[in-house]
Amino acid sequence: MLKGLGQIGDMAKMMKQAQKLQSQMAEVQESLDTIRVEGRSGAGLVTATATAKGELIGLEIDPSIFNPDEKEVVEDLILAAIKDAQSKAGDAAQAAMAKVTEGLDLPPGMKLPF
């Protein structure tokens, strides 16, 4: 349709691709709620479950670690499991976005969305 218009046709093509990319990124953002990751600590004594958006949705604690004298250890294990889940959530979100931006010539280290 815009053939022969040179740069104007190229610009229209780029705008169409940008709109498609924006739509795909929105779909991926919505799907991040359905991706589940688990973070573990204490050799699996504490497990935190989160969405790829980093929202904590579950916490499992093995009853064997409930010793009143080791309250601080239990707290540390819980925090470690949550941090592990959040880290994995970030990795899962980045992997999902990488599928959308695959083939784009983005500079190294550039993260989307901006």
Side-chain angles (χ1 to χ4, degrees):
M1 174 174 134
L2 297 174
K3 205 172 198 176
L5 294 178
Q7 291 180 346
I8 295 173
D10 291 342
M11 182 62 83
K13 183 180 177 183
M14 285 180 13
M15 292 299 290
K16 192 172 187 174
Q17 288 175 335
Q19 288 173 338
K20 183 179 178 183
L21 177 63
Q22 186 177 17
S23 173
Q24 289 174 332
M25 288 178 63
E27 289 174 17
V28 170
Q29 284 288 334
E30 287 180 26
S31 75
L32 295 181
D33 280 330
T34 62
I35 298 172
R36 303 287 188 256
V37 294
E38 287 188 350
R40 298 178 188 274
S41 68
L45 291 174
V46 178
T47 302
T49 305
T51 67
K53 284 188 174 180
E55 179 185 349
L56 184 65
I57 57 173
L59 186 64
E60 293 181 37
I61 303 170
D62 187 300
S64 68
I65 64 173
F66 290 113
N67 180 342
D69 296 332
E70 297 180 4
K71 178 181 178 285
E72 288 179 16
V73 172
V74 173
E75 291 169 345
D76 289 343
L77 289 173
I78 292 169
L79 286 174
I82 291 170
K83 287 179 183 179
D84 187 36
Q86 289 173 331
S87 174
K88 288 178 180 176
D91 292 344
Q94 192 157 353
M97 283 297 177
K99 289 178 186 175
V100 172
T101 59
E102 203 171 13
L104 295 178
D105 198 15
L106 298 175
M110 183 174 185
K111 294 182 181 179
L112 293 176
F114 306 104

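The basis for the numbers below is simple: all heavy atoms, side chains too, and nothing from hydrogens, waters or symmetry mates. Positions are given from 1 along the sequence.
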Check [X] against [Y] and note the closest heavy-atom contact, atom names and distance.
X     : Y     : value
Ala92 : Ala52 : CB-CB, 4.1 Å
Ile61 : Ile78 : CD1-CD1, 3.7 Å
Gln29 : Met97 : NE2-CE, 2.8 Å

Original post:
Is the closest side-chain heavy-atom distance between Lys83 and Ser87 below 4.5 Å?
Top reply: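 SC-SC contact between Lys83 and Ser87 ruled out.
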
Subject >> Side chain to side chain, Leu59 and Val46, heavy atoms closer than 4.5 Å >> reply: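 Yes. Closest side-chain heavy atoms under 4.5 Å.
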
Original post:
Is it the case that more than 12 heavy atoms not belonging to Gln22 sit under 6.0 Å from its CD atom?
Top reply: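 Not more than 12 within 6.0 Å, no.
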
Subject >> Over 12 foreign heavy atoms within 6.0 Å of CD, Glu60 >> reply: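 Incorrect, the count does not exceed 12.
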
Original post:
With the 4.5 Å side-chain cut-off for hydrophobic clustering, are Ile82 and Val74 part of the same group?
Top reply: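 Yes, it is one cluster - the side chains of Ile82 and Val74 are joined through contacts under 4.5 Å.
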
Subject >> Qualifying salt bridge (Lys or Arg N to Asp or Glu O under 4.0 Å) pairs with a residue from residues 84-93, counting only residues at least two apart or across chains >> reply: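 Listed once each, the pairs are Asp84-Lys88.
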
Can I get a per-line list of side-chain donor-acceptor pairs under 3.5 Å for residues 34-45, giving both atom names and the distance, sequence neighbours left out?
from, atom 1, to, atom 2, distance (Å)
Thr34, OG1, Ser31, O, 2.6
Arg36, NH1, Asp33, O, 2.3
Glu38, OE1, Arg40, NH2, 2.6
Arg40, NH1, Thr47, OG1, 3.1
Ser41, OG, Leu77, O, 2.5

**OP:** Return the set of residues passing salt bridge (charged side-chain N to carboxylate O under 4.0 Å, His left out) with Lys71 (not counting sequence neighbours), or none when no residue passes.
**Re:**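 Counting only residues at least two positions away or on another chain, Lys71 forms a salt bridge (charged side-chain N to carboxylate O under 4.0 Å, His left out) with Glu75.
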
